[in-house]
Amino acid sequence: NGGEPTLRHDLSELARELCNGLPKLRAISLITNGLKPHLVIPRVRELFAVTKKAGVKLDIMLSLDGVGELHDRVRGRRGNFVAVEECLSYFRLNKIGDSHRLGCTLISENIEDAERLMLWAEQQNIYCRFRVGIPHQRLYTKDKTEPFTLTDKQKFHLCNFLDTVISRYEKDNPARRLFLKNLRNQIIYGLPRVNGCNWQDEGVTLLSDGGFGYCAVESPTLGNLLMN
């Protein structure tokens, strides 16, 4: 997880240490913004060479928050959408990674175009994981509310979209459907969170500075892979 993990020159070395030191490790999931294909592609290629040799699955998730200019606007980087397309095309064509996904964070700026991204992803025959944006400790937005504060109209649109995702997009994933249903009830009815957290016992988040924690959003840093 980031920052942007592919900016690290030693990304494959970190993965090698993980694979060697954790014999029960089953998979590594990489999240990248795909902003600079000339950096992202070779880093991920090196990473996959390590995980493949170790028998560890590599899941690649490319962040995508809209189609075309909308994604560029949300990310604040012109040409980011085309760059993501380039990375995705390369990984799929050259069979880099064991699985490929998109990740969309829904905030006030892109909620009303979420259906368009869902349809685009279906046309590309790739799964997109939709998640609702919240203040984020690691990304220094813990006290920032503007992108995450929704009007009543936006909440209504979001919950209708979540109902669509539940009923037709995540139809083969009962656990995900239940998670989204509970999330919708939190948003529209103000109910307390009832969803658990898989990261408590199924995984760990490795951060771009070598630190690690239970999850990327709330967990304190538990240690650092680069320190003795």
Chi angles and distances behind the side chain to side chain donor-acceptor pair (under 3.5 Å) call for H9, R43: CA-CA 8 Å; H9 295 276; R43 291 280 192 276; 2.9 Å; yes
Rounded at 0.5 Å granularity, tell me how far [atom1] in [X] sits from [atom2] in [Y].
{"X": "C19", "Y": "K52", "atom1": "SG", "atom2": "NZ", "value": "14.0 Å"}
{"X": "I111", "Y": "L158", "atom1": "CD1", "atom2": "CG", "value": "4.5 Å"}
{"X": "T32", "Y": "I60", "atom1": "OG1", "atom2": "CD1", "value": "9.0 Å"}
{"X": "L180", "Y": "N173", "atom1": "CG", "atom2": "CG", "value": "8.5 Å"}
{"X": "E46", "Y": "T6", "atom1": "CD", "atom2": "OG1", "value": "10.5 Å"}
{"X": "L64", "Y": "L88", "atom1": "CG", "atom2": "CG", "value": "9.0 Å"}

What do the steps show when you test F156 against N160 for side chain to side chain contact (heavy atoms under 4.5 Å, CB included), and what is the final call? CA-CA 6 Å; F156 179 77; N160 279 334; 3.0 Å; yes
Basic-acidic side-chain contact under 4.0 Å: R168, E122: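 Counted as a salt bridge, because a side-chain N and a carboxylate O are separated by less than 4.0 Å.
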Check for me whether the distance between the ring centres of F161 and F130 falls short of 6.0 Å.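 Aromatic pair counts; centres sit under 6.0 Å.
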Shared ILVMFWY cluster between [X] and [Y], side chains joined below 4.5 angstrom?
{"X": "L30", "Y": "L14", "answer": "yes"}
{"X": "L39", "Y": "V84", "answer": "no"}
{"X": "V132", "Y": "Y169", "answer": "yes"}
{"X": "V40", "Y": "M61", "answer": "no"}
{"X": "I31", "Y": "V56", "answer": "no"}

Between [X] and [Y], what is the shortest heavy-atom contact and its length?
{"X": "L117", "Y": "C128", "answer": "CD2-SG, 4.2 Å"}
{"X": "A15", "Y": "V50", "answer": "C-CG1, 4.0 Å"}
{"X": "L106", "Y": "A114", "answer": "CD2-CB, 3.8 Å"}
{"X": "C87", "Y": "G34", "answer": "SG-O, 3.9 Å"}

Between [X] and [Y], is there a donor-acceptor pair closer than 3.5 Å when you use the side chain of the first and the backbone of the second?
{"X": "N80", "Y": "D72", "answer": "no"}
{"X": "D65", "Y": "T105", "answer": "yes"}
{"X": "E112", "Y": "H157", "answer": "no"}
{"X": "S89", "Y": "E86", "answer": "no"}
{"X": "D98", "Y": "D59", "answer": "no"}
{"X": "N110", "Y": "I107", "answer": "yes"}
{"X": "R177", "Y": "K171", "answer": "yes"}

Pairs satisfying salt bridge (charged side-chain N to carboxylate O under 4.0 Å, His left out), at least one member in residues 10-22, at least two apart: R8-D10
Are there over 12 heavy-atom neighbours, none belonging to R131, within less than 6.0 Å of that residue's CZ?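 Yes, CZ of R131 has more than 12 neighbouring heavy atoms, counting only those of other groups under 6.0 Å.
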Exceeds 12 heavy-atom contacts within 6.0 angstrom, atom CZ of R129: yes
Please test Q154 against S108 for side chain to side chain contact (heavy atoms under 4.5 Å, CB included), starting from the C-alpha separation and ending with a verdict. CA-CA 7 Å; Q154 288 171 329; S108 58; 3.8 Å; yes
Steps toward side chain to side chain contact (heavy atoms under 4.5 Å, CB included) verdict (Y127, E170): CA-CA 10 Å; Y127 172 74; E170 296 282 8; 2.5 Å; yes
Take N94 and R45, measure what side chain to side chain contact (heavy atoms under 4.5 Å, CB included) needs, and give me the verdict at the end. CA-CA 10 Å; N94 293 280; R45 194 171 55 222; over 6 Å; no
Hey, does F212 have a side-chain heavy atom less than 4.5 Å from the side chain of L18?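 Result no, sub-4.5 Å side-chain heavy-atom pair not found.
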